[in-house]
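Below: the structure, in structure tokens.
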2 protein chains.
Amino acid sequence: MTVISTHTTTGPELDEVLSAAAAAAATLRSTPAAARAEALRRAADAIDGAAGELVPLAHEETNLPVRPRLFGELGRTTFQLRLLAEVVEEGSYLEATLDSPDPDWPAGGRPDVRRMLIPVGPVLNFTASNFPFAFSVAGGDTAAALAAGCPVVVKANPGHPEVSARTAALVADALRSAGLPAGTLSVIYGEETGRAALTDPRVRAGAFTGSPAGGRALFDLASSRPDPIPFYAEMGSVNPAFVTPAAAASRTEDITDGYLGSFTLGMGQFCTKPGLLFVPADAAPEFESRLVAALTERPAARLLNDRITDGYERRLAALTAHPAVTVLHAGSSSVEGPAPTLLATAAADLLAHHDELAAECFGPTSIIVRYTSDAEALACARSFTGELSATVQGEGDDDLATALVAALSTRVGRVLWNGWPTGIAVTYAMNHGGPFPATTAPLHTSVGTTALRRFLRPVAYQNMPQRLLPEALRDGNPLCIPRRLDGVLTPPR
Amino acid sequence: MTVISTHTTTGPELDEVLSAAAAAAATLRSTPAAARAEALRRAADAIDGAAGELVPLAHEETNLPVRPRLFGELGRTTFQLRLLAEVVEEGSYLEATLDSPDPDWPAGGRPDVRRMLIPVGPVLNFTASNFPFAFSVAGGDTAAALAAGCPVVVKANPGHPEVSARTAALVADALRSAGLPAGTLSVIYGEETGRAALTDPRVRAGAFTGSPAGGRALFDLASSRPDPIPFYAEMGSVNPAFVTPAAAASRTEDITDGYLGSFTLGMGQFCTKPGLLFVPADAAPEFESRLVAALTERPAARLLNDRITDGYERRLAALTAHPAVTVLHAGSSSVEGPAPTLLATAAADLLAHHDELAAECFGPTSIIVRYTSDAEALACARSFTGELSATVQGEGDDDLATALVAALSTRVGRVLWNGWPTGIAVTYAMNHGGPFPATTAPLHTSVGTTALRRFLRPVAYQNMPQRLLPEALRDGNPLCIPRRLDGVLTPPR
């Protein structure tokens, strides 16, 4: 393990980090699952044990509140590591598949073929600014890559360099104490260094959480290498939420409270912030007056850092200057930072100016979109091409809700019913992804237990003697994992 | 379904094809699995029923022998369609995953989350020259995409336009007879038309089987779209085969016979042709004299078409002109075409000139690589970065074989023991893929039942009422498919 100090990582330092990662990849491939699971748990324990040190450091660097936010986020991070340890032990993520020889199999007979997933090799992880724990050095992408058996080189987010360095040191020590090789986790600093790392042949996959511009530029770099590599960029989203007339009539207060809480949570600095709320035009006045009344009491607060604040102010200025946009409530800026802002537009305008109005505004602003018919609401739903999430607020027997769920499920990674998208539970079924522009890899998720799949590739062994097979594929199932035998998913036995 | 005649597809025709595909995508998403399975079986029946017409047409366009080759390939193609029908019915490919609500789940509680895979939408399939059935209009990529529920637009290979058109007409009729929408399968012609289709927003994924240059150019086009899409290019391989000293001592005749059969099969026009045979230098004379003796009896034969013949001759000329290459047997060219050629080089030269000597030569040529030590053989194995397959000919207690299998399994998609790579059985565990340059998508296979995964993406439903959930995710498991329940893989019940 190599932790470079928080100065920009130099070329020779990067070379050392990447050589160590490549060496670690070879060792990790043959490390038993039990050892990897133990290492993930020790990493979680080390972070939990240092919470009293890490949280204040993160607070200082990100302005995020200590409680409940940062302690909660740290707990999520260590839970994630422990859940993935269970996934590694359970073993079905390997997709172990065994075909027995069959001379009568059509098209020439079937040899003994055995397939499993193996780690792709060193992963370069560009971390997010808005989650100094859960999407940073020991966050989801790192945890998934380590669980998959890949070494990780973290490109530290410039917004929280110190907590990145400290987390990396703690986790690297914990991994080493569990017997994982040096080079399993490293951290590097500097934009140019990150780009150099991404084009290095030793790096076999990339992950990213951040802005559309940053994600796209790095995806282009990864794809244009002499040897292109997979690059998993999660680039945020506007997360449209739709309120049907039936729901608007019966739950105005619930919905306005929930929406307000969701779009102002963490000062709107969530990639799952509902950036657009579609409301029936005739119900809009009541929604808007309730929201504006509530917003007058919302305090200003600091955003993550100056770069984020500048970006937010520029994007908000562009939105408020747009002729189709009305300002319902302008959050006053103080020396502390901005207070939440609420805007409004018409659904027809959103359809006419989709690219300008439906692009993410990272920070505490959202837009009420007034629609005048079910058809118009549906046309709006169909105007999205790729979102992390979409939400429908509907009632039991609600034709518009039915049509919205159907339309949105083919365009987004997650569809919510009568909830709000800002929370993303770390579970088996969770999907945090979606078609471009939400991500560059629609087949994958960056949250949940299937996040490992990004860092694994299949290999098949044909007529291989037992002694040369990985244990996962040997006769008698020595690892006691679920496997597919002659086409049938089979529990461990 | 729209079948354009075999002239170059015009812009308006392409627009019609893509609109039909987009419309079909919406319908196919809600088509029951049983209907899709039935459609795949009807397509297989239609092809089998027309074998007497299709095979002579393919023979005329590709010069491939009618028996056993073309009839065998047709049988493989229809078997593949029927096997994928079973996969669709079995349902585990959907990865249906259900998390029940749990307020005590760490990091904020767990909502009801249900995840499954859904089709990505219209797939554009650039077909191969060397398999007019199995990797063409109704071949592996098409079958996998249809099974996944995606409409397919086939960019016909210019090498067999008539059999492409006829197959498309038969299959499209069969799909329609099973109730699938018009636009489920179409075929287009022309290189420029193919590129235009690949950059059209209605196309959601691309597949390709062919040359490294062609695959890379199309991958770059797909990746540089305003909205990048996944592009699965299988670009061939040199498929190194290693003979250990122990195997060379005990099975010279078996190995030379098998190798000769494998590299000359189909006149070497297989992406899995063993292009390099690594032999211990002291055993090389006996191997080479046996091979040369056998090659004198091998007849010349026509290659697939003039373009392939030209490419083969150019590549062979470059190899024979290389100072590190010796010609062991020069296959004489007749008006019919070339006869097989055998070359030789030293392992040290291969290591020094890897890019020139270890690039694919598509046609009936292979190279014997003489190695002088175990370490040199291992260094050669480690010089590969991405191959579809690698083969080890070894004996029971063979340290070099052990080391070779370990090194090669991290570099290739399939490792064979004491076999030959040219056959690729269509099975559950098969993997036909590998790291770049073998493919542009190391996480995937183009042969075997997991080939569907390329055309599916996850979506999660959160707190969704039963009536709005897809059947695959409803309570009570109405589709009776394997699912993951609260983390546990569970057989249908």
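Residue numbers begin at 1 in each chain, while the letters A, B, ... track the order of the sequences.
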Heavy-atom proximity to chain B below 4.5 Å, by part of A/Asp102: neither
Residue part contacting chain A, namely of B/Val120, when any heavy atom lies under 4.5 Å: side chain
How long is the straight-line distance from CZ of B/Arg114 back to CE of A/Met430, given to the nearest 0.5 Å? 13.0 Å
Which one wins on heavy-atom pair count under 4.5 Å against chain B: A/Phe455, A/Trp417, A/Phe436, A/Phe219? A/Trp417
With a 4.5 angstrom heavy-atom cut-off, is it the side chain or the backbone of B/Arg484 that approaches chain A, or both, or neither? side chain
Given a strict heavy-atom distance threshold of 4.5 Å, which part of A/Thr449 is in contact with chain B: side chain, backbone, both, or neither? neither
Which answer fits B/Val113, side chain, backbone, both or neither, if we ask what part of it has an atom under 4.5 Å from a heavy atom of chain A? both
If you define the side chain from C-beta out and look only at heavy atoms, does anything of A/Met464 sit under 4.5 Å from B/Val415? yes
Smallest separation among heavy atoms of A/Gly487 and B/Glu90, with atom names: O-OE2, 4.4 Å
Given heavy-atom pairs under 4.5 angstrom as the criterion, report whether the side chain, backbone, both or neither of B/Phe79 touches chain A. side chain
Does any heavy atom of chain B fall under 4.5 Å from the side chain of A/Asp398, the backbone, both, or neither of them? both
Relative to chain B, which segment of A/Pro442 carries a heavy atom at a distance below 4.5 Å: side chain, backbone, both, or neither? both
Residue A/Arg225 versus chain B: region with a heavy atom under 4.5 Å: backbone
What part of A/His444 lies closer than 4.5 angstrom to a heavy atom of chain B: side chain, backbone, both or neither? both
With chain A as the partner, which of B/Ile118, B/Thr427, B/Val426 has the greatest number of non-hydrogen pairs under 4.5 Å? B/Thr427
Chain A heavy atoms under 4.5 Å from B/Pro226: which part of the residue, side chain, backbone, both or neither? backbone
One option among A/Pro465, A/Gly75, A/Pro482 has the most heavy-atom pairs under 4.5 Å with chain B, and it is A/Pro465
Under 4.5 Å from any heavy atom of chain A, what part of B/Leu117 do you find: side chain, backbone, both or neither? neither
For B/Asp486, is it the side chain, the backbone, both or neither that has a heavy atom under 4.5 Å from a heavy atom of chain A? backbone
Can you tell if the side chain of B/Gln462 reaches within under 4.5 Å of the side chain of A/Trp420, non-hydrogen atoms only? no
Contact summary for B/Tyr232 and A/Leu443, nearest pair of heavy atoms: OH-CD2, 3.3 Å
A/Thr440 portion near chain B, given a 4.5 angstrom heavy-atom threshold: neither
At a 4.5 Å cut-off on heavy atoms, which part of B/Thr450 comes close to chain A: side chain, backbone, both, or neither? side chain
Would you find a donor on one side and an acceptor on the other, under 3.5 Å apart, between the side chain of B/Arg467 and the backbone of A/Gly396? yes
Would you check if A/Asp227 and B/Thr385 make a side-chain contact, meaning some heavy-atom pair closer than 4.5 Å? no
Among A/Glu73, A/Arg82, A/Arg115, who wins on heavy-atom pairs under 4.5 Å with chain B? A/Arg115
Enter the distance from A/Leu416:CG to B/Asp112:CG here, rounded to the nearest 0.5 Å. 11.0 Å
Select, from A/Gly72, A/Ser409, A/Ser92, the one with the greatest count of heavy-atom pairs under 4.5 Å involving chain B. A/Ser409
Mind ranking B/Val459, B/Val405, B/Leu83 by heavy-atom pairs under 4.5 Å with chain A and telling me who comes out on top? B/Val459
Heavy-atom pairs under 4.5 Å with chain B: which of A/Leu489, A/Thr410, A/Asn418 has the most? A/Thr410
Max heavy-atom pair count under 4.5 Å with chain A, selected residue of B/Arg216, B/Arg29, B/Arg110: B/Arg216
For A/Glu86, is it the side chain, the backbone, both or neither that has a heavy atom under 4.5 Å from a heavy atom of chain B? neither
Validation row: B/Tyr461, A/Asn431 side chains within 4.5 angstrom (heavy atoms): no
Hey, is the main chain of B/Pro106 close enough, under 3.5 Å, to the side chain of A/Arg76 for a donor-acceptor pair? no
Rounded distance (nearest 0.5 Å) linking atom CG of B/Asp220 with atom OG of A/Ser224: 8.0 Å
Using a 4.5 angstrom heavy-atom cutoff, name the option from B/Ala460, B/Pro470, B/Ala107 with the most pairs to chain A. B/Ala460
Under a 4.5 Å heavy-atom cut-off, does chain A meet the side chain of B/Pro437, its backbone, both or neither? neither
Among A/Val392, A/Ile229, A/Val412, which residue has the highest count of heavy-atom pairs closer than 4.5 Å to chain B? A/Val412
Taking side chain as everything from C-beta outward and backbone as N, CA, C, O, which of these in B/Arg411 sits under 4.5 Å from a heavy atom of chain A? Side chain, backbone, both or neither. backbone
With a 4.5 angstrom heavy-atom cut-off, is it the side chain or the backbone of A/Leu456 that approaches chain B, or both, or neither? backbone
A/Asp99 side, atom CG; B/Tyr428 side, atom OH - distance, nearest 0.5 Å: 7.5 Å
Residue pair A/Ala425 / B/Gly109: nearest heavy atoms and the distance that separates them: CB-O, 4.0 Å
